[in-house]
Number of protein chains: 2
Amino acid sequence: MLEDLEKVKDSILIKGIKTQELSSMLGCLRGVIKKYNKGETVISEGQKLEKFGILIEGNLQIVQYDYIGNKSVISVIQPKQIFGEAFAYVNKVSSFNVEAIENSQVLFLDSNKLSTPCENCCTFHKQLVKNLLFIISNKNVNLTQKIECMSKRTTKEKLLTFLSLESIKNKSKEFYIQYDRQSLADYLGVERSAMSTELSKLRKDGIIEFEKNWFKLL
Amino acid sequence: MLEDLEKVKDSILIKGIKTQELSSMLGCLRGVIKKYNKGETVISEGQKLEKFGILIEGNLQIVQYDYIGNKSVISVIQPKQIFGEAFAYVNKVSSFNVEAIENSQVLFLDSNKLSTPCENCCTFHKQLVKNLLFIISNKNVNLTQKIECMSKRTTKEKLLTFLSLESIKNKSKEFYIQYDRQSLADYLGVERSAMSTELSKLRKDGIIEFEKNWFKLL
DNA sequence: AAAAGTATGTTGGAAATCCAACGAGGTTAT
DNA sequence: ATAACCTCGTTGGATTTCCAACATACTTTT
């Protein structure tokens, strides 16, 4: 398990924690490794979360379904990123699914153990809580930005809001996005075909250029 | 200033912090009190946040505007609640406005001072970070739930998702909501009149009952 | 008490989105 | 190489939402 943790040693979660502390951290936070095949469900809606995950290998998506089956992609999880931490920390039932979109490997840590430092390892506890605060604050910012996109009334405005935020993030008018068309439509909460149509209109009107995942604001 | 802090002494932010520590906390985190009249702007979009606020008295709204002026209400701030903490902690530019909807009084605290405990007051520092983590985790959950509502495709589904989440929160089929019609429409990202029409339909179809802010799921 | 203002519900036509279906181009599997 | 599959863009009709305007009830101001 320690060698798995090695793979994510430059993650934000364990930044500033010494290598020799990692082993006691795994014990103290009840670390468990689980493996998932592509398509498998990692966390189900309604499941009570007590542990949060850090993705060691593979690729995950956080998604929600309505009763008809429409899918909304909340976010994409890359290796070294954590998920489920907010719900786990306040001990709430998950309101989303986490699905493996590639074969994946996840380390779960017990969030209830975070704020109750045992005597022998309180150095990493303090650092871990600080790191977690930073991560959750960032996620908060990202959720707020997703809401900024979704709260626009038309598909065109949603797209332009998303693209301009991406442009700012990448500090460039040109950038690659991490979503394919269907995922982007899910993220923005619109119909894929309608979105494609709007993208074409925006290109025809000379507002953007794009090819596959590459975009340029004009 | 200390007597202002007294008014919010049972807030989640300073829960578990001893009364005699509050004074040193105010000094250490550079506490500042500011007053706002109804309608005034507390935080403007684009403003770099280094302090977060705790509402002492009054009522605030976190809102966003698009370029046409459509308003989206992110959330309502009641006394004892904090705001701007995520953006302040990661030192980002605000992506929202905070507006006073009543005459209000706000205490601002410097979030950069949070993680750098001075020797003489590290007890409350640790507790404060824990409290903040709890608050931000909760907000995270709330943002996720707002996204859950907004990602539904029709106004009817958005309403039903919102109402069923409220019902769960209140652990009852009957409950009062904190939004008036316009604010609710803004929160869900839909047109007020269209929402009114859908509410009437839902009532006619025997799915819900409501009067003003009172709702009942059937 | 009258007037002004606010919140809610209703309406009908304009506009946008959704939905289902299809075609073009590219990739993967056999 | 062929077939099967997937992604993306396009189209047209059905559906939904938006928008502006107005009616009603209730609240606040004068």
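Note: hydrogens, waters and symmetry copies are ignored here, and every other heavy atom, side chains too, is used. Labels below follow one simple rule: chain letters A, B, ... track the order of the sequence lines, proteins then strands, and each chain is numbered from 1.
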**Student:** How is Thr154(A) classified with respect to the nucleic acid when contacts are heavy atoms under 4.0 Å: base, sugar-phosphate, or nothing?
**Tutor:** sugar-phosphate

**Student:** Is any side-chain N or O of Arg153(B) closer than 4.0 Å to OP1 or OP2 of dT17(C)?
**Tutor:** no

**Student:** Taking OP1 and OP2 of dT17(D), is either one under 4.0 Å from a side-chain nitrogen or oxygen of Thr155(B)?
**Tutor:** yes

**Student:** Please tell me if Arg192(A) has a side-chain N or O lying less than 4.0 Å from either OP1 or OP2 of dC8(D).
**Tutor:** no

**Student:** Rounded off to whole Å, could you give me the NZ-to-P distance for the Lys212(B) and dC26(D) pair?
**Tutor:** 7 Å

**Student:** Output yes when a side-chain donor or acceptor of Arg181(A) lies under 3.5 Å from a complementary backbone atom of Ser196(A), and no otherwise.
**Tutor:** no

**Student:** Ion pair present between Lys158(A) and Glu198(A), side-chain N to carboxylate O less than 4.0 angstrom?
**Tutor:** no

**Student:** Need one value for Ser196(A): base, sugar-phosphate or nothing, where a base atom within 4.0 Å counts as base even if backbone is also close, heavy atoms only.
**Tutor:** base

**Student:** Starting from P on dT16(D), measure out to NZ on Lys152(B) and report it in whole angstrom.
**Tutor:** 17 Å

**Student:** Separation of Asp186(B) atom CG from dA7(C) atom P, in whole Å?
**Tutor:** 12 Å

**Student:** Look at the side chain of Ser193(B) and the base of dC18(D), then say whether one donor and one acceptor between them are separated by less than 3.5 Å.
**Tutor:** no

**Student:** Can you see if the side chain of Ser200(A) gets near the phosphate of dT10(D) - specifically, an N or O under 4.0 Å from OP1 or OP2?
**Tutor:** yes

**Student:** Reckon Glu198(A) touches a base, only the sugar-phosphate, or nothing at all at heavy-atom distances under 4.0 Å?
**Tutor:** sugar-phosphate

**Student:** Please tell me which of the listed nucleotides, dT17(D), dC8(D), dT11(D), lies nearest to the side chain of Asp180(A)?
**Tutor:** dC8(D)

**Student:** To the side chain of Arg181(A), which of dT17(C), dC8(D), dT17(D) is closest?
**Tutor:** dC8(D)

**Student:** Without decimals, in angstroms, what is the distance between Lys204(B) NZ and dG9(C) C1'?
**Tutor:** 14 Å

**Student:** Of all the nucleotides listed (dT11(D), dC18(D), dC18(C)), which has the minimum atom distance to the side chain of Val190(B)?
**Tutor:** dC18(D)

**Student:** To the nearest Å, how far apart are Leu202(B) CG and dT10(C) C1'?
**Tutor:** 16 Å

**Student:** Looking only at side chains, do Asp186(A) and Ser183(A) share a donor and an acceptor under 3.5 Å apart?
**Tutor:** no

**Student:** Could you give the distance from OG (Ser137(A)) to CD1 (Ile136(B)), rounded to the nearest 0.5 Å?
**Tutor:** 3.5 Å

**Student:** Looking only at N and O atoms, is any donor in the side chain of Arg203(B) or the base of dG9(C) less than 3.5 Å from an acceptor on the other one?
**Tutor:** no

**Student:** May I have the distance from Met195(B) (atom CE) to dG9(C) (atom P), rounded to whole angstrom?
**Tutor:** 8 Å

**Student:** I need the CD-P distance between Glu157(B) and dT17(C), as an integer number of Å.
**Tutor:** 17 Å

**Student:** What's the NZ-P distance between Lys201(A) and dA16(C), to the nearest Å?
**Tutor:** 7 Å

**Student:** A side-chain contact here means heavy atoms from C-beta on lying under 4.5 Å apart; do Asn112(A) and Asn91(A) qualify?
**Tutor:** yes

